> 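Sharing a structure with you now.
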Amino acid sequence: MWMYRWLCLTALCVSLISVAEAAGRSPYYEATLPNGLNVILKEDHRSPTLVVQVWYHVGSSYEGPHETGLSHALEHMMFGGTPQYPSQSFSQALLPIGAYYNAETSHDHTCFFTQLSKEYLPLVLKLEADRMQHLVFDPAFVKKEMAVVMEERRLRTEDNIQAKAYEQFQALGMKGTGYEHPVVGWMADLESYQTADLKRWYQHWYHPNNATLVIVGDLSVNNSMALIRQYFGPIAQQAVPTTTPPVVLPERRNHTLDIKVPGKLPLLFMGYPTPSIKTTADTREAYTLELISSVLAGGPEARLHRHWVTQNPLAAEIHCYYSLYQRGDTLFTLSGIPNTQRASLEDLEKAMKKEIEDLKNVPITEEELQKHKIQYIADKVFEQDSLSTQAKNIGFLKTLGLNHKEIEHMPKEIQSITPADIQKIAKKYFKDSSLTLIRLYPESSSDEE
Amino acid sequence: MCVFLKKRFLFQGLGMLCLLYSQSYAVNLPIQHWITQKQTPVYFINTPRTPAILDVRIGFYAGSSKDDQTPGLAYLCNQLLREGSGEYSSEQIADQLAEHAAQLYLEVQPDFGLVGLRTLSHESVREPNIQLMRTLISKPQFKEEDIGRLKQQGYAALQQQEQTPESLADQHVYSTLYAKTPYAHTPLGKKSALELIDRAQLVSFFEKYYTAKNAVIVMTGPISLERAKIISEQLTQDLPLGAAPAAEEPLPDNKRPQRTHIPYPSQQSHLRLADVAISRKSPDFYALKVGNYILGGSPFSSRLFKTIRDEHGLSYAIHSYFNLLSRRGPFVISLQTQHHRTEEALQLTRSVLNDFIQKGPTEEEVRSAKKGILGALPLQFSSNQDTVQQLFMLAIEQLPLDYFEKLPQNIQNVSQEQIQKAFKKHVIPEHLSTIVVGPSA
């Protein structure tokens with residue numbers, strides 16, 4: 001009976017792969033301008049809209065001590081205006097056409113994105129090319145916008161118990177690497193920045209030879225390339241600081257930290273250093289880690305959820321994160337909140353560690369693995385629904401210096417992973433000697449009723 | 001409300017076609033509409049160019065406003081739908097969804113409960129997923145151990161809210177403005193009430209509200225009209241007929257505007273200025289929509305954003321909105337700032353609001369706002385997910401089929417004077433309540 005089920009699941013998986021491949025296989029066009037700008041265009045003619053993303057190859061992992069948060073702060077400053085389009089004219093130009101725009105900074109990149117009706121492509125390209133070269137750093141704007149950045153830090157981290165704990169978790173687990181400090185930066189650094197610091201960061205990193213332009217949607221390649229050459233072509237390339245080598249984590253680092261803060265819910269973070277798709281010697285390892293993440297906590301059918309939220313509810317919530325697309329090594333992370341009606345944080349910790357041991361010692365069945373492969377590949381199909389996600393996937397890979405078409409190989413790679421792979425990788429990377437663990441214990445504060 | 005119910009019965013048995021298309025803001029997606037044998041209204045958009053994804057949502061008028069004396073009942077009932085149904089246990093349901101590559105999601109808001117499915121449209125998985133969805137909405141087991149477990153998850157979620165200042169602030173908007181009405185509590189309710197909910201109450205709630213005539217179905221995907229009709233019949237086949245939603249009275253104004261301070265050990269104070277306002281049925285809806293875009297709805301260019309954030313750097317996230325609940329939802333201005341600048345931020349916010357209400361928007365602002373709102377329309381239909389969300393809103397709020405078709409004209413027709421008049425009528429600054437979550441002074 002199980003054999004029959006396994007055959008059915010395998011058959012489904014195989015047909016899913018062809019669906020996924022068909023979904024991903026829309027026409028791509030790729031080029032590099034003489035000034036080094038990477039360009040990738042992907043056609044998707046579902047609706048008369050486009051997503052335009054400019055990715056600068058700089059993020060918080062490029063920042064040294066006392067430079068933390070500069071990339072994210074610069075992202076804010078990019079809305080400060082140029083001589084041709086003074087402050088707010090960016091929004092004045094884009095909002096009346098109903099464009100949706102924003103920006104996002106991460107460890108390894110800064111991305112400026114706009115979604116809009118296709119006939120306005122020339123406008124957005126003009127604006128992006130303009131601020132790539134001519135950004136103005138008005139001290140009054142800089143001062144005010146730094147205040148906004150500090151409010152953002154307060155909102156997202158200082159006053160968010162779990163985010164604050166996660167920040168400490170990263171600082172501990174990624175100590176000595178570019179991922180040690182948060183993307184938003186440490187408050188002390190933010191308070192110290194002058195206009196000159198931001199200007200310097202812009203002058204170092206914001207050049208066409210350090211950027212990737214991705215456009216997905218109802219585009220015509222010829223028309224788009226003509227516009228791109230018109231607006232970006234004349235921008236001169238400039239030397240970019242030598243990139244720090246990929247962050248590599250030393251083998252042995254076992255850290256445990258207990259934190260007490262005002263709050264209501266205990267919380268646990270566990271992290272194991274692992275390679276990303278960029279730093280791995282064998283991409284199969286990275287894809288295996290992706291699948292392990294799914295096996296552990298991909299959904300209600302996954303192990304952590306099934307065993308400890310459904311069957312024996314020690315946990316209120318359990319999650320797993322693996323950063324496939326990262327410039328350096330990463331932390332394979334598990335987090336959990338105990339069901340305080342039944343269990344303590346220590347109970348949950350024990351349970352989660354047991355799951356890790358089981359993964360190492362007991363081979364997963366083909367059937368269970370197949371179930372997760374199906375979910376994973378199906379998710380890749382669902383991702384194709386969104387123009388933004390399609391563009392982001394391209395951007396992630398390209399800014400890592402990888403072939404963006406890697407996305408198309410993913411379903412087949414995932415399907416090829418065996419139970420032996422799962423065990424091998426778990427044994428290789430989930431070691432006690434390299435575990436970083438943070439326990440958060442809530443305490444009541446004097447400011448509560 | 002009554003007008004729309006009548007319209008629904010008129011369409012019974014007919015395939016009703018309506019185009020989302022108007023002038024230069026073309027969103028060329030025809031809406032098909034019919035009623036199933038069990039009298040559930042269905043809305044369908046064929047999206048042939050989407051990757052092979054079918055999105056299905058079933059909404060029931062089973063929101064937290066139906067909790068009556070048991071806050072949390074609608075929420076718990078809805079969450080339990082995936083925990084044991086028909087002959088399947090919680091685990092078997094999870095396995096089936098995983099094996100057939102489906103995503104299931106559940107949600108409760110004040111006005112509705114929803115069960116959503118995202119499946120590949122390929123028949124080999126679509127069929128079992130639709131069958132499963134049919135079971136989930138009609139045969140929940142409500143097992144005692146699942147009830148107990150989900151309550152405990154609810155307690156954790158409530159504690160999460162209690163340690164999140166933004167959630168506390170939002171909660172208090174409703175408890176302040178809607179005290180002693182069905183909108184006073186958030187769907188999770190509170191622990192003391194959740195604890196007391198028993199199986200009999202859940203079954204009774206389910207039997208009353210999860211019925212065919214109390215539901216709407218929406219679908220978007222690359223399937224034929226014929227297939228969509230079959231699916232709609234399959235889904236509703238096992239539902240009892242039930243009763244159509246009764247017309248409900250709008251909720252009254254808040255009699256006592258007040259300033260509330262909720263102590264919380266944060267660096268920022270989280271601020272809300274709010275009052276009971278309108279539902280989408282209000283004749284002033286379009287004027288208020290355009291006006292709010294100018295005041296605090298448009299990201300980056302609204303008056304509130306430009307003053308509070310751009311000029312003074314006081315707040316990272318500041319905006320205003322009308323939450324269009326069916327029995328009159330609130331108007332809210334939301335921001336956060338360093339604790340010691342609370343009064344400064346509140347004063348500045350009120351002065352921007354007062355100025356806007358007294359003098360109204362400028363012609364240029366109105367022109368720009370209309371272009372912005374209408375220019376963004378195609379973006380709201382640029383993916384299957386976005387499209388099903390828009391369609392669900394139309395269905396659950398019983399909007400006319402030509403709502404999207406007429407939207408551009410309705411927006412264009414709004415005048416500067418109308419906006420000023422509408423805001424003067426519906427947003428009275430002295431009547432706003434103030435909520436502050438942050439450290440004690």
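None of these values were measured; they are calculated from a predicted model. By convention in this document, chain letters (A, B, ...) are assigned in the order of the sequence lines, proteins followed by strands, and residues within each chain are numbered from 1.
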> If I take atom CZ from residue A:Phe382 and atom CG from residue B:Asn384, how far apart are they, to the nearest 0.5 angstrom?
10.5 Å
> Could you check whether any side-chain heavy atom of B:Glu166 comes within less than 4.5 Å of a side-chain heavy atom of A:Leu155, counting everything from C-beta outward?
yes
> In terms of heavy-atom pairs under 4.5 Å, which option from A:Val149, A:Leu95, A:Leu265 contacts chain B the most?
A:Leu265
> If you count heavy-atom pairs within less than 4.5 Å of chain B, which of A:Asp379, A:Thr310, A:Ile97, A:Ile161 leads?
A:Thr310
> Sort A:Gln92 into side chain, backbone, both or neither according to what part of it lies under 4.5 angstrom from a heavy atom of chain B.
neither
> Can you tell which of B:Glu145, B:His270, B:Gln336, B:Gln152 has the highest number of heavy-atom pairs within less than 4.5 Å of chain A?
B:Gln152
> Is any side-chain heavy atom of B:Asp95 closer than 4.5 Å to one of A:Arg306?
yes
> What pair of heavy atoms forms the shortest contact from A:Ile374 to B:Ala101, and how long is it?
CG2-CB, 3.7 Å
> Just how far is it from atom CD of B:Glu99 to atom CD of A:Gln370, taken to the nearest 0.5 Å?
10.0 Å
> Looking at A:His305, A:Glu145, A:Arg342, which has the largest count of heavy-atom pairs under 4.5 Å with chain B?
A:Arg342
> With a cut-off of 6.0 Å (strictly less than), are more than 12 heavy atoms of other residues, nucleotides or ligands near NZ of B:Lys151?
yes
> With a 4.5 Å cut-off on side-chain heavy atoms, are A:Pro300 and B:Arg82 touching?
yes
> Please report the closest heavy-atom contact between A:Gln115 and B:Ser382, naming both atoms and the distance.
NE2-OG, 3.1 Å
> Given that the side chain runs from C-beta out, which part of A:Tyr120 has a heavy atom under 4.5 Å from chain B: side chain, backbone, both or neither?
neither
> Select one option (side chain, backbone, both, neither) describing which atoms of B:Phe305 are under 4.5 Å from chain A's heavy atoms.
neither
> If you define the side chain from C-beta out and look only at heavy atoms, does anything of B:Pro378 sit under 4.5 Å from A:Ser117?
yes
> Return the minimal non-hydrogen interatomic distance between A:Gln375 and B:Ala98, and the atom names on each side.
NE2-CA, 3.3 Å
> How far does CD of A:Gln384 sit from CD1 of B:Ile53, to the nearest 0.5 angstrom?
8.0 Å
> Where on B:Phe300 is there a heavy atom nearer than 4.5 Å to chain A: the side chain, the backbone, both, or neither?
both
> Is there a donor-acceptor pair under 3.5 Å between the side chain of B:Gln268 and the backbone N or O of A:Glu151?
yes
> Evaluate the side-chain proximity of B:Leu97 to A:Glu301: yes if any heavy-atom separation is below 4.5 Å, no if none is.
no
> Look up atom CD in B:Gln267 and atom CE in A:Met187, then write down how far apart they are to the nearest 0.5 Å.
5.5 Å
> Under a 4.5 Å heavy-atom cut-off, does chain A meet the side chain of B:Leu150, its backbone, both or neither?
neither
> As an exercise: rank B:Lys306, B:Gln159, B:Glu83, B:Glu91 by heavy-atom pairs under 4.5 Å with chain A and give me the winner.
B:Glu91
> Would you mind checking which part of B:Thr119 comes under 4.5 Å of any heavy atom in chain A, side chain (CB onward), backbone (N, CA, C, O), both or neither?
backbone
> Taking A:Glu152 for its side chain and B:Tyr316 for its backbone only, find out whether a donor-acceptor pair lies under 3.5 Å.
no
> Is chain A contacted by the side chain of B:His312, its backbone, both, or neither, given a heavy-atom distance below 4.5 Å?
backbone
> Checking heavy atoms, do the side chain of B:Ala102, its backbone, both or neither come under 4.5 Å from chain A?
backbone
> Between B:Asp310 and chain A, with a heavy-atom cut-off of 4.5 Å, which part of the residue counts as in contact: side chain, backbone, both or neither?
both
> So which part of A:Leu116 gets closer than 4.5 Å to some heavy atom of chain B, the side chain, the backbone, both or neither?
backbone
> Hey, does the side chain of A:Asp385 reach the backbone of B:Gln385 with a donor-acceptor pair shorter than 3.5 angstrom?
yes
> In Å, rounded to the nearest 0.5 Å, how long is the span from CD of A:Gln341 to CZ of B:Arg149?
14.5 Å
> Considering only heavy atoms from C-beta outward, does the side chain of A:Glu317 approach that of B:Gln160 to under 4.5 Å?
yes
> Do B:Gln153 and A:Val309 have side chains that approach each other closer than 4.5 Å (heavy atoms only, starting at C-beta)?
yes
> For the atom pair OG (B:Ser383) and CG (A:Asp44), what is the distance rounded to the nearest 0.5 Å?
10.5 Å
> Just so I know, are the side chains of A:Arg154 and B:Thr337 near enough to count as touching, which here means a heavy-atom distance under 4.5 Å?
no
> Measuring heavy-atom distances to chain B, does A:Thr49 have an atom under 4.5 Å in its side chain, in its backbone, in both, or in neither?
side chain
> Chain A heavy atoms under 4.5 Å from B:Ser315: which part of the residue, side chain, backbone, both or neither?
backbone
> Measure B:Arg367 against the heavy atoms of chain A and call it side chain, backbone, both or neither at under 4.5 Å.
neither
> In terms of heavy-atom proximity below 4.5 Å to chain A, should B:Glu311 be classed as side chain, backbone, both, or neither?
backbone
> Is it the backbone or the side chain of A:Ile337 that comes under 4.5 Å from a heavy atom of chain B, or both, or neither?
side chain
